[in-house]
Amino acid sequence: MRKRAAVLCGAAAVVAGTFTAVPADAGPLRNTPTPSTAPAAHAAKPTWRKCGTADYPTLQCASLKVPLDHAHPRGQQITLALSRVPHTAKRYQGPLLVNPGGPGGSGLTFAGFIASGLPKAVAAQYDVIGFDPRGVGASKPALDCEPGHFNPVRPDSVPSTPAIERANLRRAQSFAAACGRKYANVLPYIDTLSTVRDMDAIRRALGAGRINYFGYSYGTYLGAVYAKLFPHQVRRLVLDSIVDPTGVWYDDNLAQDHAFNDRHRALMAWIAKYDATYRLGTDPESIEAKWYAMRAALAKKPAGGKVGASELEDTFIPGGYYNGYWPYLAEAFAAYVNGKNADPLVEAYEHFAAVDASGDNGYSVYTSVQCRDASWPRDWRQWQKDSWHAYEQAPFMTWNNAWYNAPCAFWPTASLGPVNVANGKLPPALLFQATNDAATPYEGGVTVHRLLADSSLVVERGGGNHGITLSGNTCLDKHLTAYLTNGRVPRGGGEADAVCEALPDPKPLTSKAASASSRGATLHGLLGPRG
């Protein structure tokens, strides 16, 4: 693969000059943001109604009007969808706002997930508050820039010819242009800073002087930025699977390429361990070669008319988020290679990768936030250079990830600047990070631990899952429980204050229902696009 990447670079250079994006109007950097000085509009108290589900029967829902532009609080209003699992204990510790990540992840049922995952005595002390961030799900307006953008079969992600590269670039440009046409007046306000100000509007509407916050993945950046703008409104802060705020967002995505490649190779090693089940061999490198041979075959003849090379990558990317998917992916891989049976592969694609209307919405918000939050290269030649360089070392999803983010090269709004989240004004914060996390690599947790004075970092050693609390690791959860009960954090000093060993990797399936019902699988479903 490394040799092939070098050859392909020459072909890619042919079209480099054709697709150079025009820079958007320069926008101010916001490295040290401050809350809006405009007077805040009165936040009406939410009216809660029952909206329970079979999984979360005590869930309640409400809505809240907030300004589209918080600098003009009495201007155009938008609507946020809220959810709540109310406290039941005599001891009440206030609202616990929760966010599953994304950006673009819906947070309505996430309140139920968190409330049911915590010990009952702990959850009972909080109003667990979920919300669909601006642009997402049940909030209005909800973005959907280009329905069906991910319909199969897409061009091969690896631009091995100028024609393939042009086809992928047209898709990225088309998506960015569609967002600009449909949401010209909204896009300048779909960003992390605006969502943070929405969170403070939620706090005011709840009548709370301070909030508790629990965020996963992108939700960790959201929480850190909220803490930067409103440090005195933070009571407790839990961040799980932590975004590196110094790489927002272009560099963070390049770091993901290497981390996901490592997780993909870990899957190959796991399959080798169970050769008696999968019959793909005992050498991980040979198994990996079979995977890439399968990819090449699907590029020529997509399975079921749905799973081409790009869709295969989409199907296996979730294995980098959650090891519980490995048995399903291994079964589909083995069936295709050993039995020429593509049905399990199509089934895996439909379960793990196919994008429905909610996925279209999530991706629309993902791009809107990431493209607006920080500067991206506007010259496609920079993307080419960086992606080919990463691909030579990490071929699994480098180009897939590049095209996923490529609309930012052509985005119709100016970019803001990433927020410097360094903070010495907070109460102790509790951070969780797995050493082998692919979506938010380990260095992000170490960096935020350094930037948030008085924070405490709990590391899951050997873990590759994304979103590690409330997924069955009792060592991690005891620290979370102690913190939410009485604010106590571990104090070990050094890079980590406490270390928990990761749960064992899964075993081959004996029953599909056993793995499908896992809380880790449920969490990944809530995380939103790319976490």
Side-chain angles (χ1 to χ4, degrees), residues 100-102 214-224 237-270 317-326 390 393-394 396-398 401 418 421-422 429-453 455-473 475-477 479-480 489-505 520 523-524 527 530-531:
F214 188 175
Y216 288 81
S217 194
Y218 163 76
T220 66
Y221 183 66
L222 188 65
L237 181 69
V238 182
L239 308 179
D240 183 333
S241 303
I242 300 167
V243 166
D244 184 346
T246 66
V248 174
W249 290 110
Y250 185 73
D251 288 344
D252 278 350
N253 276 282
L254 288 172
Q256 277 188 338
D257 298 339
H258 296 273
F260 271 99
N261 198 73
D262 289 343
R263 295 309 299 153
H264 188 63
R265 287 177 171 166
L267 169 58
M268 301 297 108
W270 181 86
I317 283 171
Y321 284 90
Y322 175 55
N323 295 359
Y325 294 147
W326 286 2
Q393 303 170 21
F396 168 57
M397 75 160 237
T398 291
N401 205 22
V421 303
L430 183 59
L431 317 179
F432 292 93
Q433 188 66 43
T435 55
N436 297 325
D437 185 355
T440 52
Y442 176 72
E443 291 73 19
V446 175
T447 297
V448 171
H449 183 30
R450 185 183 73 248
L451 292 174
L452 300 187
S455 63
S456 178
L457 176 62
V458 179
V459 169
E460 185 184 53
R461 182 163 52 199
N465 290 334
H466 182 64
I468 55 178
T469 54
L470 305 183
S471 60
N473 191 319
C475 177
L476 298 170
D477 290 349
H479 293 296
L480 176 63
V489 297
R491 294 296 188 192
E495 188 169 273
D497 294 281
V499 176
C500 296
E501 297 301 325
L503 296 175
D505 285 338
L523 176 60
H524 172 63
L527 284 174
R530 303 288 157 113

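The figures here come from the full heavy-atom set of this structure, side chains too, leaving out hydrogens, waters and symmetry mates.
Expressed to the nearest 0.5 Å, how far CE of M397 lies from CG of D257 amounts to 5.0 Å. The line from CD1 of I317 to OH of Y325 is 13.0 Å long, rounded to the nearest 0.5 Å. Atoms CD and CG, from Q256 and D437 in turn, are 9.0 Å apart once rounded to the nearest 0.5 Å. Between the CG atom in N473 and the CG atom in L503 there is a gap of 4.5 Å [rounded to 0.5 Å]. Rounding to the nearest 0.5 Å gives a distance of 4.5 Å between CH2 of W326 and CZ of R263. Residue T440 holds its OG1 atom at 9.5 Å from CG of D252, rounded to the nearest 0.5 Å.
T447 has its side chain within reach of T246: a pair of non-hydrogen atoms, C-beta onward, lies under 4.5 Å apart. Counting only heavy atoms from C-beta outward, the side chains of V458 and C500 approach each other to under 4.5 Å. Side-chain contact between V238 and L480: present, with at least one pair of heavy atoms (C-beta onward) separated by less than 4.5 Å.
Of all heavy-atom pairs between I468 and L476, the closest is O-CD1, 3.5 Å. Nearest heavy-atom pair, C475 versus V499, reported as atom, atom and distance to 0.1 Å: SG-O, 4.2 Å. Across all their heavy atoms, H449 and G494 have their closest contact at NE2-O, 4.0 Å. When all heavy atoms of T220 and I242 are compared, the pair lying nearest together is OG1-CA, 3.5 Å. Nearest heavy-atom pair, A438 versus G320, reported as atom, atom and distance to 0.1 Å: CB-O, 3.7 Å. The nearest pair of heavy atoms linking P490 to H479 is CG-ND1, 3.8 Å.
With hydrogens and angles ignored, the 3.5 Å screen pairs a side-chain donor or acceptor of T435 with a backbone N or O of G462. Proximity of a side-chain donor or acceptor of D240 to a complementary backbone N or O of Y216 within less than 3.5 Å is not detected. With hydrogens and angles disregarded, a donor-acceptor distance shorter than 3.5 Å links the side chain of N465 to the backbone of N323.
Tested against H466 for a ring pair (Phe, Tyr, Trp, His ring centres under 6.0 Å), the candidates Y442, Y321, Y218, F432 yield a single pass: Y321.
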Before you tell me yes or no, could you show the steps for F214 and L470 under side chain to side chain contact (heavy atoms under 4.5 Å, CB included), namely the whole-Å CA-CA distance, both residues' side-chain angles and the distance that decides it to 0.1 Å? CA-CA 12 Å; F214 188 175; L470 305 183; 4.2 Å; yes

